[in-house]
Amino acid sequence: MNDMSSTPIRKIVHVDMDAFYASVEQRDNPDLRGKPIAVGGSAARGVVAAASYEARAYGVHSAMPSVTAKRKCPNLIFVPPRVEVYKAVSQQIREIFAEYTPLIEPLSLDEAYLDVTENLKGMDIATEIALEIRAKIKAVTGLNASAGISYNKFLAKMASDLNKPNGQAVITPKNGPAFVEALPVKKFHGVGPATAERMRKYGIETGLDLKEKTLEFLVEHFGKSGPYFYGIARGIDERQVKPNRIRKSVGAEDTFVEDVADLDLATAELKPLAEKVWRYCEAQGISGKTVTVKIKYSHFTQATRSRTGSVALAGVPEILAAASDLLATVYPFKRPVRLLGVTLSTLTAPEIGDAQPQSQLDLGL
């Protein structure tokens, strides 16, 4: 790790739109304002894609089955997603970011990192930049954004959650290590539920617990993530804001109206998923060597099966053949299947170079 005192203090802003999809729907339809809404399908097999803050007060959240959401909030209003509208608004927001810095690293349609250490406005104070950006977003789109400001990406991301919605927070180099020490590891960005549970088994429940583990211990038990965990436990994250990232995978998935127990029927459902993945790949001039099939069963457990070839796949027939073979390896199904997904990864393209991978683009149907 570099000695922080010998390197320039970076100024990183993480901007995160508040309940983005739901807020766009409430903006465009005054009748929805102040009401609990969920973007997604209301059918028995539907899933919540996003929830308004009014709905969140009832415990409704994204990825929750629609039937569960309706049980928690009987007066929940379901609104079908309008992805093209969200993309257009996201582009407006990106254009505002670009007035301040070219170093913009989008994480999704509704959040991004900005490195404003040296910025196009010549502004010295990052908190003032964040305030200006949030005000411009409100003026241009009518939507609220929250922001986190810190000296690295990890802490900027954590800070953006502190004063949501429609607020911002700063974590300084002086306060960073103490903030991390007090934070439960399950709230760390980059630590999912499974990793948090593994950490708990090793007695790691807070940042301080994590800080007490040696680098060797963390590498032994958490592999290539070990050095990252070792650093963030000390408030250190040396990852750069990289604007020219490529996606590390492209995926599509579908939840069925009725569970599928027959292999032929399930295999037939793979075709539209493979087609959707390939349409995106063709548009971007990319392909991939690894096909992964995700199978979620009726009782919500899931399995994945992957295959990596020596050369990139050339089209839908090859993706579909690989996915069909992988699906056959879990047949007979231990339970009827409620969802299938197809993902293409180990992406290749002439322009990829050494760009930083971006998280999966979800093309969920």
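With sequence neighbours excluded, the residues satisfying side chain to side chain donor-acceptor pair (under 3.5 Å) with S306 are T292. For S52, the side chain to side chain donor-acceptor pair (under 3.5 Å) test picks out E54, with sequence neighbours left out. Partners of K164 according to the side chain to side chain donor-acceptor pair (under 3.5 Å) rule, which considers only residues two or more places apart in sequence or in another chain, are D18. Applying the side chain to side chain contact (heavy atoms under 4.5 Å, CB included) criterion to P184, with sequence neighbours excluded, gives K186, K187. Remark: E282 pairs with W278 by the side chain to side chain donor-acceptor pair (under 3.5 Å) rule, at least two apart or across chains.
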Without placing hydrogens or testing angles, list every side-chain donor-acceptor pair under 3.5 Å for residues 55-78, not counting sequence neighbours.
{"residue": "R56", "atom": "NE", "partner": "A51", "partner atom": "O", "Å": "3.1"}
{"residue": "S66", "atom": "OG", "partner": "G41", "partner atom": "O", "Å": "2.4"}
{"residue": "S66", "atom": "OG", "partner": "G46", "partner atom": "O", "Å": "3.1"}
{"residue": "S66", "atom": "OG", "partner": "V47", "partner atom": "N", "Å": "3.2"}
{"residue": "K70", "atom": "NZ", "partner": "S42", "partner atom": "O", "Å": "3.0"}

Could you go through residues 314-330 and list every donor-acceptor pair under 3.5 Å that involves a side-chain atom there, pairing it with any protein atom two or more places apart or in another chain?
{"residue": "E318", "atom": "OE1", "partner": "A314", "partner atom": "N", "Å": "3.0"}
{"residue": "S324", "atom": "OG", "partner": "L320", "partner atom": "O", "Å": "2.8"}
{"residue": "D325", "atom": "OD2", "partner": "R307", "partner atom": "NH1", "Å": "3.4"}
{"residue": "T329", "atom": "OG1", "partner": "L326", "partner atom": "O", "Å": "2.5"}

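Contact check for P227 versus L215: side-chain heavy atoms found under the 4.5 Å cut-off. Side-chain contact check for V79 versus N29: every heavy-atom pair is 4.5 Å or farther apart. Counting heavy atoms from C-beta on, the side chains of L131 and Q168 come closer than 4.5 Å. Side-chain atoms of I129 and K121, non-hydrogen and from C-beta on, never get closer than 4.5 Å to each other. T343 places a side-chain heavy atom less than 4.5 Å from the side chain of S249. Between F20 and I93, some side-chain heavy-atom pair lies under the 4.5 Å cut-off. Contact annotation: the side chain of R239 never approaches that of N152 to less than 4.5 Å [non-hydrogen atoms, C-beta and beyond]. Contact check for L183 versus V180: no side-chain heavy atoms found under the 4.5 Å cut-off.
Under the ring-ring contact (aromatic ring centres under 6.0 Å, His included) criterion, the residue pairs touching residues 315-346 are Y331-F333, with sequence neighbours excluded. Screening residues 124-148 for salt bridge (charged side-chain N to carboxylate O under 4.0 Å, His left out), with sequence neighbours left out, gives E99-K136. Counting only residues at least two apart or on different chains, no ring-ring contact (aromatic ring centres under 6.0 Å, His included) pair has a member in residues 156-185. Note on residues 79-124: pairs passing ring-ring contact (aromatic ring centres under 6.0 Å, His included), not counting sequence neighbours, are H14-Y113, Y21-Y86. Applying the ring-ring contact (aromatic ring centres under 6.0 Å, His included) rule to pairs touching residues 152-175 yields F154-F188, sequence neighbours excluded.
Between the side chain of S146 and the backbone N or O of N166, at least one donor-acceptor pair lies under 3.5 Å. Remark: side-chain polar atoms of S150 are paired, donor with acceptor, to backbone N or O of I171 under 3.5 angstrom. Of the possible donor and acceptor atoms, one in the side chain of T117 sits under 3.5 Å from a partner among the backbone N and O of K11. Looking only at distances, no side-chain donor or acceptor of T195 sits under 3.5 Å from a matching main-chain atom of V191.
The two residues I204 and V185 come nearest to each other via the heavy atoms O-CG2, 3.6 Å. Y151 and P173 make their closest contact through CE2-CA, 3.2 Å (heavy atoms, listed as atom of the first residue, atom of the second, distance). Of all heavy-atom pairs between P336 and D259, the closest is CB-CB, 3.5 Å. Residue G288 comes nearest to L344 through the heavy atom pair N-CD2, 3.6 Å, listed as atom of the first residue, atom of the second, then distance. Taking each heavy atom of L143 and I137 in turn, the nearest pair found is O-CG2, 3.7 Å. Across all their heavy atoms, H189 and M158 have their closest contact at N-SD, 3.5 Å.
Of the inter-residue distances, the one linking I149 atom CD1 with I12 atom CD1 reads 11.5 Å to the nearest 0.5 angstrom. If you take CD on Q26 and CZ on R33, they are separated by 8.5 Å, rounding to the nearest 0.5 Å. Note that the CD1 atom of I37 and the CD atom of E25 stand 6.0 Å from one another [nearest 0.5 Å]. Annotation: the span from Y297 atom OH to Q302 atom CD amounts to 10.0 Å, rounded to 0.5 Å. In this structure, the separation between CG on L103 and CD on Q240 is 9.0 Å, given to the nearest 0.5 Å. Put simply, CG on L109 and OG on S90 are 4.5 Å apart, with the number rounded to the nearest 0.5 Å.
The local environment of CD in E258 is sparse, with at most 12 non-hydrogen atoms from other residues, nucleotides or ligands closer than 6.0 Å. In this structure, E95 places its CD atom where more than 12 heavy-atom neighbours from other residues, nucleotides or ligands lie under 6.0 Å away.
At a threshold of 4.5 Å between side-chain heavy atoms, the hydrophobic network of Ile, Leu, Val, Met, Phe, Trp and Tyr places V219 and L210 in one connected group.
Shown are K153, R94, K242; of these, the salt bridge (Lys or Arg N to Asp or Glu O under 4.0 Å) with E105 is made only by K153.
Figure legend: cation-pi geometry between R198 and Y202 absent, as NZ or CZ is not positioned both under 6.0 Å from the six-membered ring centre and within 45° of its axis.
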